[in-house]
Amino acid sequence: MDAVLDTMDSQEIDLEGASAEERIQWAAEKFGDELIMTTSFGTHSAVMLHLVSSILPDIPVVFIDTGYLFPETYRFAVELTDRLGLNLKKYQAKISAAEQEALFGKLWENGEAGLKQYGLINKVEPMDRAVRELGAKAWLAGLRRSQSSGRSERPIAEKQNKLTKIYPILDWDNRKMHEYLTANKLPYHPLWDEGYVSLGDWHSTSKLMPGMTEEDTRFGGLKRECGLHEISGQADFQI
């Protein structure tokens, strides 16, 4: 990941000391119509969706659909989209899940190399396409430092290749997330009550069991990130 934004940018506002709302407003003022947000419709996604849409009701909300999400996730996506009136933009891989399996097999079973190829096809390329088609220069994402060791040192705003990324709730812990959900009468993902603390594709997500950390529940513990929040390594990509 590239370095934190330059000194001139950081002097505009103390992003680390600002509230989540102030961080969103700063991003809106700085990037205007070139600002988008993403959602996975995961366990706590209602927080970011409510928080951002309350301030920016028309912001494009990019949803990357791999074709392998839990049935509950698809239903949750419809529920929140309708309830919050989201300006949802769904993006998918250029080839279907069935075609991928026919050509490459089950990539998620082929170790880190397979997971990287899977992420590039199903997450990174669709997201890069979304950025290009929506004319985005900046991206609001719901990453939090408490989710994994790899996220613990991230700054509130940073550059990822050609894009600026802002994390309004980066310093929120699970308690603060719960308080926000409760105060605004928002739902957790329906699988939260079944022991899922982090949700992605059904084949690469497991329940939190004794002795596990949150990051162990994704990709069999081999990795935490799906590729969206890492430099793509593709020279012509925006992310």
> Checking the side chain of Glu22 only, and the main-chain atoms of Ser19 only, is there a donor and an acceptor separated by less than 3.5 Å?
yes
> Work out which heavy atom in Asn184 is nearest to a heavy atom in Arg83; give both atom names and the distance.
O-NH2, 3.9 Å
> Checking side chain to side chain contact (heavy atoms under 4.5 Å, CB included) against Trp139, which of Ile166, Leu163, Leu134 comes through?
Leu163
> Quick one: closest heavy-atom pair of Leu170 and Arg23, and the distance?
N-NH1, 4.5 Å
> Is it true that the side chains of Thr66 and Asp201 contain a donor and an acceptor less than 3.5 Å apart?
yes
> State, yes or no, whether a side-chain contact exists between Pro190 and Glu72 at a heavy-atom distance under 4.5 Å.
yes
> Quick check against the 3.5 Å criterion: does Thr43 have a side-chain atom that pairs as donor or acceptor with the backbone of Val197?
yes
> Report yes if some heavy atom in the side chain of Val62 is under 4.5 Å from a heavy atom in the side chain of Leu88; otherwise report no.
no
> Tell me the closest heavy-atom pair linking Asp216 and Gly211, and the distance in Å.
OD2-O, 4.4 Å
> Between Arg129 and Glu125, does any NZ, NE, NH1 or NH2 come within less than 4.0 Å of an OD or OE carboxylate oxygen?
yes
> So, His189 versus Thr73: side-chain donor-acceptor pair below 3.5 Å or not?
yes
> Report the residue from Phe76, Tyr91, Phe41 that forms a ring pair (Phe, Tyr, Trp, His ring centres under 6.0 Å) with Phe63.
Phe41
> Is the His44 to Trp172 ring centre distance short of 6.0 Å?
no
> For Ser198 and Thr205, work out which heavy atoms get closest and say how close.
O-CG2, 3.1 Å
> Identify the heavy atoms of Ala93 and Asn122 that sit nearest to each other, and give their distance.
CB-OD1, 3.7 Å
> Establish, yes or no, whether a centroid distance under 6.0 Å links the rings of Tyr118 and His203.
yes
> Do Glu16 and Arg154 meet the salt-bridge criterion of a basic N to acidic O distance under 4.0 Å?
no
> Indicate yes or no: does Lys137 engage Asp33 in a salt bridge with an N to O separation below 4.0 Å.
no
> In plain terms, say whether Arg75 and Glu79 are close enough for a salt bridge, that is, a side-chain N and a carboxylate O under 4.0 Å apart.
no
> What I'd like to find out is whether the side chain of Val131 reaches to under 4.5 Å of the side chain of Ile36, using heavy atoms alone.
yes
> Any link between Val78 and Tyr68 through a network of hydrophobic side chains (Ile, Leu, Val, Met, Phe, Trp, Tyr) touching at under 4.5 Å?
no
> Any side-chain heavy atom of Arg144 sitting closer than 4.5 Å to one from Tyr167?
no
> With the side chain counted from C-beta on, respond yes when Leu86 and Thr39 share a heavy-atom pair under 4.5 Å apart, and no when they do not.
no
> For residues Leu140 and Ile59, determine if any side-chain heavy atom of one lies less than 4.5 Å from a side-chain heavy atom of the other.
yes
> Looking at every non-hydrogen atom in both residues, tell me the closest pair between Leu69 and Gly200 and how far apart they are.
CD2-O, 3.9 Å
> Can you confirm whether or not the ring centre of His50 sits under 6.0 Å from the ring centre of Tyr180?
yes
> To the nearest 0.5 angstrom, please state how far the CZ atom of Arg175 sits from the OG atom of Ser146.
14.0 Å
